[in-house]
There are 2 protein chains.
Amino acid sequence: MEAEKPRRRTRIQTEKRELILDAALEIFSQHGFRGATIDQIADGAGMSKPNLLYYFRSKEEIHITLMQRLLTTWLAPLRELDDVGDPISELRSYIRRKLEMARDYPRESRLFANEILQGAPRIMPMIEGELKTLVDEKAEVISGWMRSGRIIHTDPYHLIFSIWATTQHYADFDVQVRTVLGPLRGGEERFEDAARFLEQIFVDGLQPD
Amino acid sequence: MEAEKPRRRTRIQTEKRELILDAALEIFSQHGFRGATIDQIADGAGMSKPNLLYYFRSKEEIHITLMQRLLTTWLAPLRELDDVGDPISELRSYIRRKLEMARDYPRESRLFANEILQGAPRIMPMIEGELKTLVDEKAEVISGWMRSGRIIHTDPYHLIFSIWATTQHYADFDVQVRTVLGPLRGGEERFEDAARFLEQIFVDGLQPD
DNA sequence: CTAACGTTTGTCCAATTGGTCAAAAAAATG
DNA sequence: CATTTTTTTGACCAATTGGACAAACGTTAG
């Protein structure tokens, strides 16, 4: 029996894999896993299908690699949520960071949404592991703030969900948002408007006074 | 040239079309348009593929029919938002109704989310038309509330978006929500917890006092 | 230069899939 | 019951798609 060679990567391999992953992100986020074809991805990466399959064994391997990277980036803003400083401004800046991600990485957001929508068939382990652990940890931080009376007493998990939902909405439902806002209000400023609105709502609510 | 006969529907036609649409909703909402196959739908409806294609000319025709019906049901809660009574409780019950829809019609929610995620290739006209018109109209109602000082002055469009996002999240990201909440808190009561949380946040925000 | 290794391509294949069609089977109609 | 119309099916087809493979082409180290 031959031992598996770890076989380190060539310069070309590193570069081409990166090219493929970027093209794949584009295609997968637009058409979903089943809707995307290897040909489209290869095309986007400027190479032939067999050539692409030289760098990744299968369509699924590309997708998995992509999802693994994604999750880390995706959870970064939450990871930064810290117990130092004022809770309200911590949450405020979490919302802002999350909204910036929706603006700057909409493809990642849609890729993730697509995967969860279909029941997370390929990333369930990461949801149960990394993601849940982090959320549990941060929910505990938020609970601490509540116990010390610095924010109102409510459910920290649903708070996190609602921040995710509202911010990611601007990436995932982008077409709808832009269509409804129309050409006048649906330009790049929609993210600033959204930021203003969300910070206001989460902090003070709708009730006057 | 023959005139197109309007040719009204048989009892069997009505029944079978209904069966197909229900099966299609199940499959489409789970796999997206491209991920779903006619065979799966036919199977779910308990008939053969050619038989299904006797009732609907193509896969796309099923999808379009489904989306048209969907939108009406989907917008019903917003249509009910009325200028009578207290604005805060109007919005509160809008949130509650929307959350009930996410709970009772998750397939519809996911079907819609899938379509928008991919850029609304098949329902753009309805978004630009029916949906936008309704949102404009209701945003005006909400603006009125703001002008009269009964709720704080903010962006009515982003308010509607944030209600959509937070409520639909519980249908679209169901797997994630249930996984993060775990078996203890992720049962049916998650909708009540969510309702309590959302009403609280939208009305009073996080700031104490 | 040349052997060894890495990269790329053209060709091919089997499975899946959307859709057609003619003929059989069932219902409905008179 | 006989005829017409509707419904159902089995067989078929062409296009798409994920992936295999061997041969050709490049690159690089000795």
Side-chain angles (χ1 to χ4, degrees), chain A residues 2-28 30-67 114-115 118 121-122, chain B residues 2-28 30-67 114-115 118 121-122:
Chain A
E2 287 286 327
E4 276 288 318
K5 284 188 194 170
R7 186 173 274 154
R8 66 155 174 262
R9 256 162 216 155
T10 316
R11 174 187 53 87
I12 295 185
Q13 270 165 13
T14 318
E15 288 171 10
K16 293 286 166 95
R17 281 176 64 99
E18 224 49 44
L19 252 176
I20 292 168
L21 287 174
D22 187 69
L25 174 58
E26 186 73 29
I27 305 294
F28 278 140
Q30 235 171 85
H31 306 287
F33 182 76
R34 291 211 46 189
T37 73
I38 299 188
D39 263 315
Q40 288 175 303
I41 299 173
D43 207 57
M47 63 182 71
S48 66
K49 182 169 62 169
N51 197 182
L52 180 150
L53 285 166
Y54 169 72
Y55 293 104
F56 288 92
R57 267 200 280 278
S58 67
K59 187 179 168 182
E60 194 162 353
E61 198 183 294
I62 305 177
H63 194 265
I64 291 176
T65 309
L66 218 42
M67 295 300 302
N114 248 311
E115 175 70 8
Q118 332 252 298
R122 279 167 290 273
Chain B
E2 287 287 327
E4 275 288 319
K5 282 189 197 169
R7 186 174 273 155
R8 68 155 173 260
R9 257 162 214 154
T10 317
R11 173 187 54 88
I12 296 184
Q13 271 165 13
T14 318
E15 288 171 10
K16 293 284 166 96
R17 282 176 63 99
E18 223 49 45
L19 252 177
I20 292 168
L21 287 173
D22 187 69
L25 174 58
E26 187 73 29
I27 305 295
F28 278 140
Q30 236 171 87
H31 305 287
F33 183 76
R34 290 212 47 186
T37 72
I38 299 189
D39 263 316
Q40 288 174 303
I41 299 172
D43 207 57
M47 63 183 72
S48 66
K49 181 168 64 168
N51 196 183
L52 181 149
L53 286 165
Y54 168 72
Y55 293 105
F56 287 92
R57 268 200 279 277
S58 67
K59 187 180 168 182
E60 195 163 351
E61 198 183 293
I62 306 177
H63 194 265
I64 292 177
T65 309
L66 219 41
M67 295 299 303
N114 248 312
E115 175 70 8
Q118 332 253 300
R122 280 168 290 274

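Reckoned from all heavy atoms, side chains included, excluding hydrogens, waters and symmetry mates. Here is the naming used below: chain letters follow the sequence lines, and residue numbers restart at 1 for every chain.
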### Query
Taking the side chain of T37(A) as heavy atoms from C-beta outward, which of dC21(D), dT17(D), dT7(D) is closest to it?
dT17(D)
### Query
Please give, in whole Å, the distance from dA26(C) P to M47(B) CE?
16 Å
#### Entry: Note, M67(A) side chain near H63(A) side chain (heavy atom, < 4.5 Å)
yes
### Query
Rounding to a whole Å, what distance do you find between D43(A):CG and dG18(D):P?
13 Å
#### Entry: Rounded distance in Å - CD1 (I20(B)) to C1' (dT8(D))
12 Å
Scan nucleotides 12-15 of chain D against the protein and return all N/O pairs shorter than 3.5 Å with their distances rounded to 0.1 Å.
none

### Summary
To the nearest 0.5 Å, atom CD1 of I27(B) lies from atom CG of D39(B) at 11.0 Å
### Message
Let's see if you get this right: which residues in residues 52-66 of chain A place a heavy atom under 4.0 Å from DNA chain C?
### Response
Y54(A), Y55(A)
### Query
Considering heavy-atom distances to DNA chain C, does I38(B) or R11(B) have its closest nucleotide positioned more toward the 5' end?
I38(B)
Just list the side-chain donor-acceptor pairs under 3.5 Å for residues 16-23 of chain A, sequence neighbours left out, or say none.
from   : atom 1 : to      : atom 2 : distance (Å)
R17(A) : NH1    : Y55(A)  : O      : 3.2
E18(A) : OE1    : R69(A)  : NH2    : 3.4
E18(A) : OE2    : R69(A)  : NH1    : 2.6
D22(A) : OD1    : R107(A) : NH2    : 3.1

### Task
Round to the nearest Å and state the distance from R9(B) atom CZ to dT5(D) atom C1'.
17 Å
### Task
Specify the closest pair of heavy atoms between Q40(B) and H31(B), including all atoms of both residues, with the distance to one decimal.
NE2-NE2, 3.9 Å
### Message
Just so I know, are the side chains of Y54(B) and M47(B) near enough to count as touching, which here means a heavy-atom distance under 4.5 Å?
### Response
no
### Query
Looking at Q13(A), does any N or O in its side chain come under 4.0 Å of the phosphate oxygens OP1/OP2 on dG6(C)?
no
### Task
Starting from P on dT8(C), measure out to CG on L19(A) and report it in whole angstrom.
11 Å
### Message
Please tell me if N51(A) has a side-chain N or O lying less than 4.0 Å from either OP1 or OP2 of dT7(C).
### Response
no
### Task
Quickly work out the Q40(B) CD to dG18(C) C1' distance and round it to whole Å.
13 Å
### Query
What does A36(B) touch in the nucleic acid at a heavy-atom separation under 4.0 angstrom: a base, only the sugar-phosphate, or nothing?
sugar-phosphate
### Message
Just verifying a value: how many Å separate E15(A) CD and Q13(A) CD, rounded to the nearest 0.5 Å?
### Response
11.0 Å
### Task
Nearest whole angstrom, please: distance from the P of dT7(C) to the CZ of R17(A).
12 Å
### Query
Are S48(B) and dT8(D) close enough that a side-chain N or O sits under 4.0 Å from OP1 or OP2?
no
### Query
Would you say dT8(D) has OP1 or OP2 under 4.0 Å from some side-chain N or O of K16(B)?
yes
### Query
How far apart are the C-alpha atoms of E115(A) and R122(A), what are their side-chain angles, what is the distance that settles it, and do they pass the salt bridge (Lys or Arg N to Asp or Glu O under 4.0 Å) test?
CA-CA 8 Å; E115(A) 175 70 8; R122(A) 279 167 290 273; 3.6 Å; yes
### Query
Between R34(B) and dT17(D), does any side-chain N or O lie under 4.0 Å from OP1 or OP2?
yes
### Query
Once you round to the nearest 0.5 Å, how far does CZ of F56(B) lie from CD1 of I64(B)?
11.0 Å
### Task
Indicate yes or no for a side-chain donor-acceptor contact from K49(A) to the backbone of I41(A) under 3.5 Å, with no hydrogens or angles considered.
no
### Message
Contact between N114(A) and F33(A) at the side-chain level, heavy atoms closer than 4.5 Å - yes or no?
### Response
no
